[in-house]
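For the numbers below, each heavy atom of this structure counts, side chains included, while hydrogens, waters and symmetry mates do not.
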Amino acid sequence: MAEASPRQDLLAFMRSPVAEAAPDAFEALALRVFAWQYAHNEPYAAFCRRRGLTPDRVAHWTAIPAVPTQAFKALPLITAGGSGEAAGEAALFRTSGTTQGRERRGEHHVSDPALYHASLLPTFAAYLLPDGARQPMCSLVPPAADVPDSSLAHMVDRVMAACGVPGGGVYVDGAGRLDRAGLEARLAEHVAAGTPVCLLGTSLALLRWLEELDAAGRSFALPAGSRLMDTGGYKGNEREVSEAALRRTYGRVLGLPADHCVNEYGMTELLSQYYDDVLRRRVLGGAGPPAGPRPKAGPPWLRALAADPDTLAPLPPGEEGILRHVDLANLGSVAAVQTEDVGVVLADGRILLKGRLASAEPRGCSRAMDQLLDAARGT
């Protein structure tokens with residue numbers, strides 16, 4: 001008898017409060033997801049066979065074969081039926097690619113958005129709204145209607161609809177044009193009424209707007225309880241500003257305390273996200289922000305390890321390597337994804353990001369990519 005899809009058990013796992021989800025549930029579910037993807041995703045199964053890592057030989061989640069992020073540019077990594085439900089692609093997210101636009105963009109086929117949303121919403125609430133706040137949300141991310149293949153736009157649209165209240169809006173269009181007058185008028189209304197507000201945007205969009213405000217000699221003192229989520233870096237741009245400097249700007253121009261500024265780390269190839277846990281720790285335990293780099297935490301169905309760049313062998317907690325993620329929300333594609341992001345995984349599972357490798361593609365990722373392509377060609 002064929003094994004049943006783990007979808008329903010995954011949804012039940014995700015419906016538990018993030019802080020209460022049973023930590024030991026991940027291991028068994030991860031192995032079930034791997035077995036399901038091996039059985040229903042032939043390019044991935046061929047890759048696993050090429051590496052000699054089939055479900056009967058994998059006993060721990062850290063040994064699940066991971067595809068490099070580049071694989072999403074080369075192959076349609078689709079687990080047939082995705083969730084075990086009716087087939088049919090519900091969404092297609094594409095990576096941003098290069099500024100020159102000559103590089104092929106990665107594609108993540110999402111046949112079951114319900115799993116994505118089941119992961120997204122409680123995690124966002126846990127790290128941006130740990131006090132149960134319901135606030136107007138003002139976004140500097142284009143709406144999904146303008147950029148339907150953007151996972152970030154889809155994410156922000158969904159969060160605003162599910163977690164926001166009237167009084168917010170989207171203040172940038174698909175071409176990146178900021179409605180500065182509309183945004184600032186809306187924020188002035190909230191300041192006058194004493195209504196806390198939540199700002200959402202990419203680091204670059206927020207920085208550009210705040211520099212314009214600064215140049216005009218303007219600033220806001222957003223009401224107490226206001227908060228901000230920024231995401232992304234400066235890929236393809238000549239600008240680079242440290243997260244610490246950006247948070248100082250948020251404080252000076254918007255009046256936001258550092259522990260109410262939360263950075264999100266996600267990617268098109270993953271359907272779950274990591275966040276700074278500084279606001280959650282402040283609300284639940286009274287702890288202030290760390291003096292140094294901020295660890296990021298994710299939901300219990302998302303785990304990371306650091307790998308050796310040459311061998312891709314897992315490294316012990318605390319050692320720096322390239323980050324690998326196992327995201328069970330990726331049931332309809334491939335759960336284990338090897339990145340070129342450099343970081344450290346702490347003993348408690350949180351991650352410290354260190355940037356990206358400055359050199360060429362890591363040898364381990366290059367070999368894994370060759371194995372995947374050879375397996376897909378049957379050579």
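- No side-chain heavy atom of Cys365 sits under 4.5 Å from any side-chain heavy atom of Gln70.
- Of the options Phe26, Phe34, Trp301, a ring pair (Phe, Tyr, Trp, His ring centres under 6.0 Å) to Trp61 is made by Phe26 and by none of the others.
- Nearest heavy-atom pair across Ser119 and Pro122 is O-CD, 3.7 Å.
- Within the 4.5 Å cutoff, the side chain of Asp9 has no heavy atoms near those of the Phe13 side chain.
- Remark: Asp327 pairs with no residue by the salt bridge (Lys or Arg N to Asp or Glu O under 4.0 Å) rule, at least two apart or across chains.
- Partners of Val156 under the side chain to side chain contact (heavy atoms under 4.5 Å, CB included) rule, at least two apart in sequence or in another chain, are Ser139, Val141, Leu152, Met160, Leu200.
- When all heavy atoms of Ala153 and Pro142 are compared, the pair lying nearest together is CB-O, 3.3 Å.
- Under 4.0 Å is where a charged nitrogen must lie from a carboxylate oxygen, and between Glu189 and Arg186 at least one such pair does.
- With salt bridges taken as basic N to acidic carboxylate O contacts below 4.0 Å, none links Glu243 and Arg294.
- Side-chain atoms of Leu228 and Leu206, non-hydrogen and from C-beta on, do get closer than 4.5 Å to each other.
- Sorted by first and then second residue, the ring pair (Phe, Tyr, Trp, His ring centres under 6.0 Å) pairs with a member in residues 140-165 read Phe93-His154, Tyr116-His154, His117-His154; sequence neighbours excluded.
- At a threshold of 4.5 Å between non-hydrogen side-chain atoms, the residues Asp179 and Val172 do not count as touching.
- A pairwise comparison of heavy atoms in Tyr38 and Ala45 identifies O-CB, 3.2 Å as the closest pair.
- Shown here for Cys163 and Leu121, the closest heavy-atom pair between the two residues is SG-CD2, 4.4 Å.
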